[in-house]
Amino acid sequence: MREGTREGSVDAEQWAAGFEMGRLDQALAARVLRDQKVGLTIRSVNSDEAAVIARRYGYELDVRPVEEPGRVWAVFSPVA
């Protein structure tokens, strides 16, 4: 892979997505009190994957736009 190629760009995007969703998975798994909402900023392209992770831990996901391009505010609410 050469730096500056499209392939390198795709690899970097995939790595960033995997890293971000891995951190999200760890953060939700480590929560002791699961009866509270959790909010954080994620990349908007990861919203579908974040929803899958949220369901795994008993949360539903609501995303809201933020000023930063390519990002959303993700609120993970406990499912009643």
Side-chain angles (χ1 to χ4, degrees):
M1 170 178 65
R2 290 182 309 220
E3 199 171 314
T5 64
R6 178 161 165 65
E7 182 180 327
S9 175
V10 170
D11 288 345
E13 286 296 314
Q14 290 173 341
W15 184 90
F19 182 80
E20 182 177 59
M21 292 298 97
R23 287 185 63 198
L24 173 62
D25 186 76
Q26 289 176 341
L28 292 180
R31 293 199 46 85
V32 175
L33 301 175
R34 296 183 189 257
D35 61 339
Q36 300 174 4
K37 291 182 180 182
V38 178
L40 52 100
T41 304
I42 62 170
R43 294 170 358 133
S44 56
V45 297
N46 292 337
S47 295
D48 290 341
E49 292 84 358
V52 170
I53 294 169
R55 284 190 298 271
R56 181 181 309 145
Y57 294 107
Y59 293 95
E60 59 186 13
L61 175 63
D62 179 39
V63 294
R64 301 176 188 140
V66 294
E67 290 184 25
E68 186 176 356
R71 303 281 179 167
V72 292
W73 179 248
V75 177
F76 299 88
S77 301
V79 176

Participant: Taking the side chain as every heavy atom from C-beta outward, state whether V52 and M21 have any atom pair closer than 4.5 Å.
Facilitator: no

Participant: How close do V79 and Y59 get, heavy atom to heavy atom, and via which atoms?
Facilitator: CG2-C, 3.7 Å

Participant: Nearest 0.5 Å, please: how far is CG in D62 from NZ in K37?
Facilitator: 8.0 Å

Participant: Might you point out which heavy atoms bring L40 and I42 nearest each other, and give the distance in Å?
Facilitator: CD1-CG2, 3.2 Å

Participant: Working to the nearest 0.5 Å, report the span between OG1 of T41 and CZ of R64.
Facilitator: 11.5 Å

Participant: Identify the heavy atoms of R56 and D25 that sit nearest to each other, and give their distance.
Facilitator: NH1-OD1, 2.5 Å

Participant: If we only count heavy atoms from C-beta on, is the E20 to E49 side-chain gap below 4.5 Å?
Facilitator: no

Participant: Between R43 and E13, does any NZ, NE, NH1 or NH2 come within less than 4.0 Å of an OD or OE carboxylate oxygen?
Facilitator: yes

Participant: If every non-hydrogen atom of S44 is compared with every non-hydrogen atom of S47, which pair is closest and at what distance?
Facilitator: O-OG, 3.0 Å

Participant: Which heavy atom in A51 sits nearest to a heavy atom in L61, and how many Å separate them?
Facilitator: N-CD2, 3.6 Å

Participant: Same cluster for V38 and W73 if Ile/Leu/Val/Met/Phe/Trp/Tyr side chains link at under 4.5 Å?
Facilitator: no

Participant: What heavy-atom pair brings P78 and D35 nearest, and what distance separates the two atoms?
Facilitator: CG-C, 3.4 Å

